[in-house]
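The structure appears right after this line, and notes come after that.
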There are 2 protein chains.
Amino acid sequence: MEEYNVLVVDDDKEIRDVIGIYLKNEGIHVLKAEDGLEAIEVLRCHTVHLILLDIMMPRMDGIQTTFKIREQKNIPIIMISAKTEDMDKILGLQVGADDYVTKPFNPLELVARVKSQLRRYVTLGTYEKKNEVIDLNGLVLEQAEKRVSVNGEPVRLTPIEYRIVDLLMRNAGRVFSIHEIYERVWEEPSYNAENTVAVHIRKIREKIEIDPKNPRYLKVVWGIGYKIEK
Amino acid sequence: MEEYNVLVVDDDKEIRDVIGIYLKNEGIHVLKAEDGLEAIEVLRCHTVHLILLDIMMPRMDGIQTTFKIREQKNIPIIMISAKTEDMDKILGLQVGADDYVTKPFNPLELVARVKSQLRRYVTLGTYEKKNEVIDLNGLVLEQAEKRVSVNGEPVRLTPIEYRIVDLLMRNAGRVFSIHEIYERVWEEPSYNAENTVAVHIRKIREKIEIDPKNPRYLKVVWGIGYKIEK
DNA sequence: GAAAAAATGAAGGATTTCTTAAGAAGGCTG
DNA sequence: CAGCCTTCTTAAGAAATCCTTCATTTTTTC
């Protein structure tokens, strides 16, 4: 659900794909490149927040690529390497990498490192960060912190509740049918979901509305679905 | 006090620059010198909070420089060296280095060490003679002495335990997630850290709480993290 | 006023999060 | 090397919570 783009540069398609799957699970958008030249190309056309770079690549290797990238942009680079000896090469050059991972690596650990770097660079404001806070008449959604508050008063939502609010607030004003909500939050076909969603809606209102009977934020559109006013 | 000045002393311009970039990313102001003599010169004219010193330099080497600096000021020095033999470390530290990094090094790690030293010296009151004592309902943290006591009864904490308590007491009332705690105490991405932190929390409670089952100080906020009440 | 749609309340079982214990791994010291 | 201390890992159970279902009531629309 985050708004980050990570570029994975590796000549091994399988590795690219595996990394891609794990990152996507975290809501991170993944771009892929097969080698350094392709990576530079991608950087020209896309906003990239972090680069995962395999050091051993054809055409242009990781070290050269790092130099090229650093000439242009100061975005975090995490290096991936097969051997400890390669690591030494990287470190010997003492440039570029913000972190590094040796193969074989644990994908979850890699994801943790990616997120850590992203968080660090975002808070430092090294690159312009997207506005991750949506404020709708006092109802505030902080996407980065995954938190919601009403007039400054923090509200504790359960994971499902949060995802519903997130969906409705990101698309404020648009009406979502119960089935749409179910399919986008639960990510599975909505069989017999009417009441389930309704109950969650109620719980959410209980938490974010001053008067749940006369909801100010989370409104029903009769016969169609629910929405949060823009 | 947020503005730190770090002096980087190295005859290799590229290394100076790379280090400079990383420190600036952390909001640290960077001064540079090419060798020991220049460093001494800079110290005369500027406030410097920490020195990064390459051991191998022309004119005046790192060891000599350290002596010279120590004659005048007691500021933290982190040595950088290509030598990895233990003897060198010992020599460097005996001479007065507070920390020691061998080339090739990970810039991130270097930054972490710099920040760690700065934090330590600041809290120790080396710069400002503040013996800050935090007293939260009988739970007392003496930062200068790095000691904790409960109702006058001294408590012996391990280094990690101390850092956790320090973090929570300095930010009393604020809730820290397990990942936040891990990243701020361990200074690395929190992969698989849940239980590690949890165990330390338990150990701390065992030491500072009268009834660890019903903690009076170190409280859990369900689903969010831990805090120490203001 | 009847039918459809939406809201509510309560209860259980499932799931997540926390706590606790015990032992392994690693470092330091005599 | 042995013993001690700190830290980390594993695992199992406890506690808190979350989710769904069902039964029922209220509201809206025609």
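Just so we're on the same page: letters track the sequence lines, and every chain starts at 1. What you see is a predicted model, and the numbers here were worked out from it, not measured in a lab.
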Mind checking the [atom1]-[atom2] spacing from [X] to [Y]? Nearest 0.5 Å is all I need.
X	Y	atom1	atom2	value
A/L52	A/L110	CG	CG	5.0 Å
B/R216	B/I208	CZ	CD1	10.5 Å
A/I19	A/I21	CD1	CD1	10.5 Å

Assign [X] to base, sugar-phosphate, or nothing according to its heavy-atom contacts below 4.0 angstrom with the strands shown.
X	result
A/K203	nothing
B/P159	sugar-phosphate
B/I201	nothing

Salt bridge between [X] and [Y], side-chain N to carboxylate O under 4.0 Å?
X	Y	answer
A/D10	A/K32	no
B/D166	B/R170	yes
B/E161	B/K207	yes

(message) So, using side chain to side chain contact (heavy atoms under 4.5 Å, CB included) as the criterion, who are the partners of B/R202 when residues are at least two apart?
(response) B/E206
(request) Return the set of residues passing side chain to side chain contact (heavy atoms under 4.5 Å, CB included) with A/K219 (not counting sequence neighbours), or none when no residue passes. (result)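 Testing A/K219 for side chain to side chain contact (heavy atoms under 4.5 Å, CB included), a comparison that skips the adjacent residues, returns A/E229.
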(request) Determine which pairs satisfy ring pair (Phe, Tyr, Trp, His ring centres under 6.0 Å) with at least one residue from residues 197-230 of chain A, sequence neighbours left out, and list them in order. (result)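 Residue pairs passing ring pair (Phe, Tyr, Trp, His ring centres under 6.0 Å), neighbours aside: A/W186-A/H200.
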Starting from [atom2] on [N], measure out to [atom1] on [X] and report it in whole angstrom.
X	N	atom1	atom2	answer
A/R205	D/dT27	CZ	P	13 Å
A/K207	D/dC19	NZ	C1'	12 Å
A/R202	D/dC22	CZ	P	19 Å
A/Y182	D/dC19	OH	P	11 Å
A/E161	D/dT20	CD	P	11 Å
B/R163	D/dT7	CZ	C1'	14 Å
B/K213	D/dG13	NZ	P	15 Å
A/I204	D/dC19	CD1	C1'	13 Å

(message) Judged by each residue's nearest nucleotide on DNA chain C, which is more toward the 5′ side, A/V220 or B/V221?
(response)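 The residue whose closest nucleotide sits nearer the 5' end is A/V220.
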(message) Below 4.0 angstrom, which residues in residues 222-230 of chain A have at least one non-hydrogen atom near DNA chain D?
(response)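 When residues 222-230 of chain A is checked for heavy atoms under 4.0 Å from DNA chain D, the hits, listed by number, are A/W222.
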(message) For B/V199 and B/L157, find the nucleotide of DNA chain D closest to each by heavy atoms; which residue's nucleotide sits nearer the 5' end?
(response)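 First, find each residue's nearest nucleotide; the 5'-ward one identifies B/L157.
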It should be established whether [X] places a side-chain nitrogen or oxygen under 4.0 Å from OP1 or OP2 of nucleotide [N].
X	N	result
B/H200	D/dC8	yes
B/T158	D/dT7	yes
A/T196	D/dT21	yes

(message) For a 4.0 angstrom threshold against heavy atoms of chain B, report the outermost contacting nucleotides of DNA chain C in 5' to 3' order.
(response)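 Range of nucleotides touched by chain B: C/dT16 to C/dA21.
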(message) Given the structure, check if the side chain of A/N195 and the base of D/dC22 hold any donor-acceptor pair shorter than 3.5 Å.
(response)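 Between D/dC22 and A/N195, which were checked side chain against base, a qualifying N/O pair under 3.5 Å is present.
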(message) Treating B/N171 as the side-chain partner and B/L167 as the backbone partner, does any N or O pair qualify as donor plus acceptor under 3.5 Å?
(response) yes
(message) I'd like to know if the side chain of B/E180 reaches the main chain of B/S177, judged simply by a donor and an acceptor atom lying under 3.5 Å from each other, with no hydrogens or angles considered.
(response) yes
(message) I'd like to check A/D211 versus A/N214 (side-chain heavy atoms, cut-off strictly below 4.5 Å). Are they in contact?
(response) yes
(request) State, to the nearest 10°, the angle formed by the axis through the first five base pairs of the helix from C/dG1-D/dC30 to C/dG30-D/dC1 and the axis through its last five. (result)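 So the angle between the two local helix axes works out to 30°.
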